[in-house]
Each structure stands twice: as C-alpha cells, then as structure tokens.
Amino acid sequence: MVEEVNVKHALIDEESIFDLAQSQVAEKIKDVRFLTRGLNDTYKVVGKEYCYAYRVYRHGWRNEAAIKFELDAILYLKNNGYEAVGPVQETGVPNVEEILAPEGERYGVLFYFAEGERPAINPENTYLIGKSLGRLHRLSNGFTSKHERGYSIDFAHLLDEPVSFIRPILKQYLGDTAVEVLNETVRYIKEKLETANLETGLCHGDFHNHNMHLNKGKLQVFDFDSCAVGYRAYDVAVSWWNLLHNYKQEEKECWNTFLQGYEQEYSLGEENMRALPLFITTRRIWLLGTMLQNRDVWGTNWIDETALELFILQLKTDRMGMSKDWES
C-alpha cells in the first residue's frame, strides 16, 4: 500500500538549479553542486567566466516581498560603494524565480559567488570586520524600500517570538523555575532598553566572520537573509557575541580592534554602546528560539537537559554583568 506523505523541505536536484541559473546568465554554465543547507539551500554554480551562488529560500521562511526588500538593501549598499555580494541582474533587475516544490511555493535568487576564504579571527581581520560594519551602517542611512520586509529587528522579533518557542521546551525539560529565569531576563532587558535612546537603521542582522570572505586583503559580505531595519546596537553585539561564543581566547584583543575599525567609520554614541551586553543576551535568546522554531533544519538531537541548563546558566551569568553595568 502506497501512503501519501507530506514534505517539509525538499532538496532541489542540481539539474533543475542548472536550468534555473542558465536562464539568467548569457555565459554557459559548466557545473552545479549543492553547497549547504540551512534556513535556505545554497548551490555553487560554475560558469565559463564567473562563479555564482543560487539560493533557494525555504517554503514559508521569506515571501517574495521580503526577498525583494533584501535585494533592495544589498543593491543600495553596492551602489554606494559597499563590499556586499550582490544578485545577478543581467536583465537590469535581479530575478526572483518562483519554484513549485513538493512542499509548496519557494523562491530562488542567483547571486555572484564570494571568492576567497572565511576570515580568520585575529586583530588585523577583526579591525577590517569592524570597519566593514561601520561602513554598512553609515552608507545605509538613507535606505528605503517599497517592499515590506515583514519584521523589524525589535523586541518582538528578537525576544517575544523566540521566547514563545523556548518556554514550552524549558518547562518540559527543566520546569517552571527555568522558565521564570527566562521571563525575568526578558523583563529586565526590556525595562532597561525600551526607554533608552537607541539608534535604528538598516542592519545586516547576522554580521560575523561566517558571513563574509576575505579575498586579497578585502572583505566581501554576504547572506543578508536576516537583514532588516532595527537596533544598530544589536548588529554590533552580534559580532561581539561571535567572539565570546566561538573565539573566547581571542575575544578581548579582537573586540578592541573590532571597535577601533567600527568607530573609524561610524559612531553609535554612549547609550547604544552601553546596551551591547544586553543585546548579547538578546542574541542568545533569539538564536535558541530560531533553532527550536526550525527543528526540521537542525534536528532535535541537541535538545537535552545539558544544553538547556547551559543556556540558563548563561542567562544568569549575563544578568550578573548586566546588574553591575546598569545599576552601578
């Protein structure tokens, strides 16, 4: 007996991506290979002269208007001299291709491929990374789009939505006490920041060395899938969080050089910089909530008492630092 099944996230065959990419460029495509799966699927497309990256957005993750907002942001930055990796636009505008997948409607966009390698974390490179984010904030101050992104990088997106996915899992594994630690942390962050004079503008949303390549001494920034208008301090804090989380031994020196690079290009002001530790905790909450929301991407094997107890410990440790900074 053959049972009909539902599909959450199909992997599109390389031959289909070959046809989609070939329809958008004049040069002959030589090869396509699946590169990586995350919140979206990415394929490397090799042409006779250039390499490209074809991104297939997940069903239900971004609608067409949200994708066009992202492309508008990238092109605005590029047109103002920023080192963003842009979409292919041989016909004058980037093409957002509608793809009918087994799970439903998806969208595909062909980008140029970022040559080079992920920048190693060292003082020289973090200076360049900080300088790049400062340039992004400075050059994007006039950005607008007629397309709706669907969200802003605000407390609803960074805290309320992720917490709705975290609470039931915490309760299941660790009980009500852990849930209350989360609730109190969120209340504290909002209390301290909702009345603060925080700058808003276009943000990358996920600015760290995994989303850029270094090629011949120059950075190229890609993956604007998390970009939106929102708190600039959060954008800066993501880079600090990356150093704390992934490069603890290099964090102190590299954070200093990051700030030197950033402040050469842009200044957020004292109140925004004071908010950075609170936004590091906010990043922790957003990331866990996003991973729980998208368990069909990352699986569930990592969800256990040990991982959740570490998360609660991080919230408590962060809170001790917050109280010292904000109540002294």
Side-chain angles (χ1 to χ4, degrees), residues 38-40 55 57-80 82-87 94 96 107 109 111 129 132-165 186 189-190 193-194 196-208 210-212 221-242 262 266 268 272 275-276 278-291 293-294 297:
L39 291 172
N40 304 297
R55 173 191 282 171
Y57 293 79
R58 296 184 66 210
H59 173 65
W61 180 243
R62 301 282 185 242
N63 63 26
E64 186 175 8
I67 295 167
K68 288 183 175 179
F69 176 102
E70 175 189 342
L71 299 179
D72 283 351
I74 295 170
L75 292 174
Y76 183 91
L77 285 165
K78 284 187 64 64
N79 290 338
N80 281 279
Y82 186 68
E83 54 272 18
V85 178
V96 180
Y107 295 97
V109 175
F111 294 86
I129 293 169
S132 179
L133 183 59
R135 279 171 50 78
L136 189 155
H137 288 170
R138 175 169 59 82
L139 294 173
S140 66
N141 273 335
F143 170 72
T144 60
S145 174
K146 66 180 181 181
H147 302 292
E148 291 292 330
R149 185 54 163 161
Y151 68 92
S152 299
I153 299 177
D154 55 14
F155 292 126
H157 176 71
L158 295 173
L159 293 173
D160 297 340
E161 294 168 15
V163 163
S164 71
F165 293 98
V186 170
I189 292 171
K190 287 184 176 180
L193 294 186
E194 281 182 333
N197 184 26
L198 298 177
E199 179 177 317
T200 59
L202 182 69
C203 298
H204 181 278
D206 201 22
F207 198 88
H208 53 78
H210 289 233
N211 288 329
M212 56 191 68
V221 179
F222 51 85
D223 196 357
F224 283 72
D225 184 50
S226 295
C227 79
V229 172
Y231 295 122
R232 291 276 178 67
Y234 173 77
D235 228 16
V236 175
V238 168
S239 292
W240 193 5
W241 162 86
N242 181 51
Y262 183 86
Y266 200 67
L268 276 182
N272 288 271
L276 294 181
L278 295 168
F279 277 119
I280 287 177
T281 308
T282 300
R283 171 68 175 191
R284 296 193 201 280
I285 294 169
W286 175 86
L287 183 61
L288 180 60
T290 300
M291 292 181 71
Q293 178 186 1
N294 298 282
V297 176

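Not measured: the values here are computed from a predicted model.
- Atom CG of N63 and atom OH of Y107 lie 7.0 Å apart (nearest 0.5 Å).
- Note: N40 CG to D225 CG = 4.5 Å, rounded to the nearest 0.5 Å.
- The backbone N or O of C227 sits less than 3.5 Å from a side-chain atom of R149, completing a donor-acceptor pair.
- Judged by distance alone, with hydrogens and angles left aside, the side-chain atoms of Y82 form a donor-acceptor pair with the main-chain N or O of S132 at under 3.5 Å.
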* To do: May I have the step-by-step check of side-chain hydrogen bond (donor to acceptor under 3.5 Å, both in side chains) for S226 and D206, ending in yes or no?
  => CA-CA 6 Å; S226 295; D206 201 22; 4.7 Å; no
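- Using a 4.5 Å cut-off on side-chain heavy atoms (C-beta onward), D160 and K190 make contact.
- Side-chain atoms of R232 never come within 3.5 Å of backbone atoms of T200 as a donor-acceptor pair (strictly under, hydrogens ignored).
- A donor-acceptor pair shorter than 3.5 Å can be found between the side chains of N294 and R58.
- Between P162 and L288, every side-chain heavy-atom pair lies at or beyond the 4.5 Å cut-off.
- The backbone N or O of H147 sits nowhere less than 3.5 Å from a side-chain atom of D72 that would complete a donor-acceptor pair.
- H204 places no side-chain N or O within 3.5 Å of a backbone atom of H137 that could act as its donor or acceptor partner.
- A distance-only check finds no donor-acceptor pair linking the side chain of N211 to the backbone of F222 [under 3.5 Å].
- A distance of 9.0 Å separates CZ in R55 from CZ in R62, rounded to the nearest 0.5 Å.
- Expressed to the nearest 0.5 Å, how far SG of C203 lies from CG of L133 amounts to 8.0 Å.
- Distance CZ/F143 to CG/L77: 8.0 Å, rounded to 0.5 Å.
- Residue F155 forms a ring-ring contact (aromatic ring centres under 6.0 Å, His included) with just one option from Y231, Y234, W286, and that option is Y231.
- A distance of 12.0 Å separates CZ of F207 from CG of D223, quoted to the nearest 0.5 Å.
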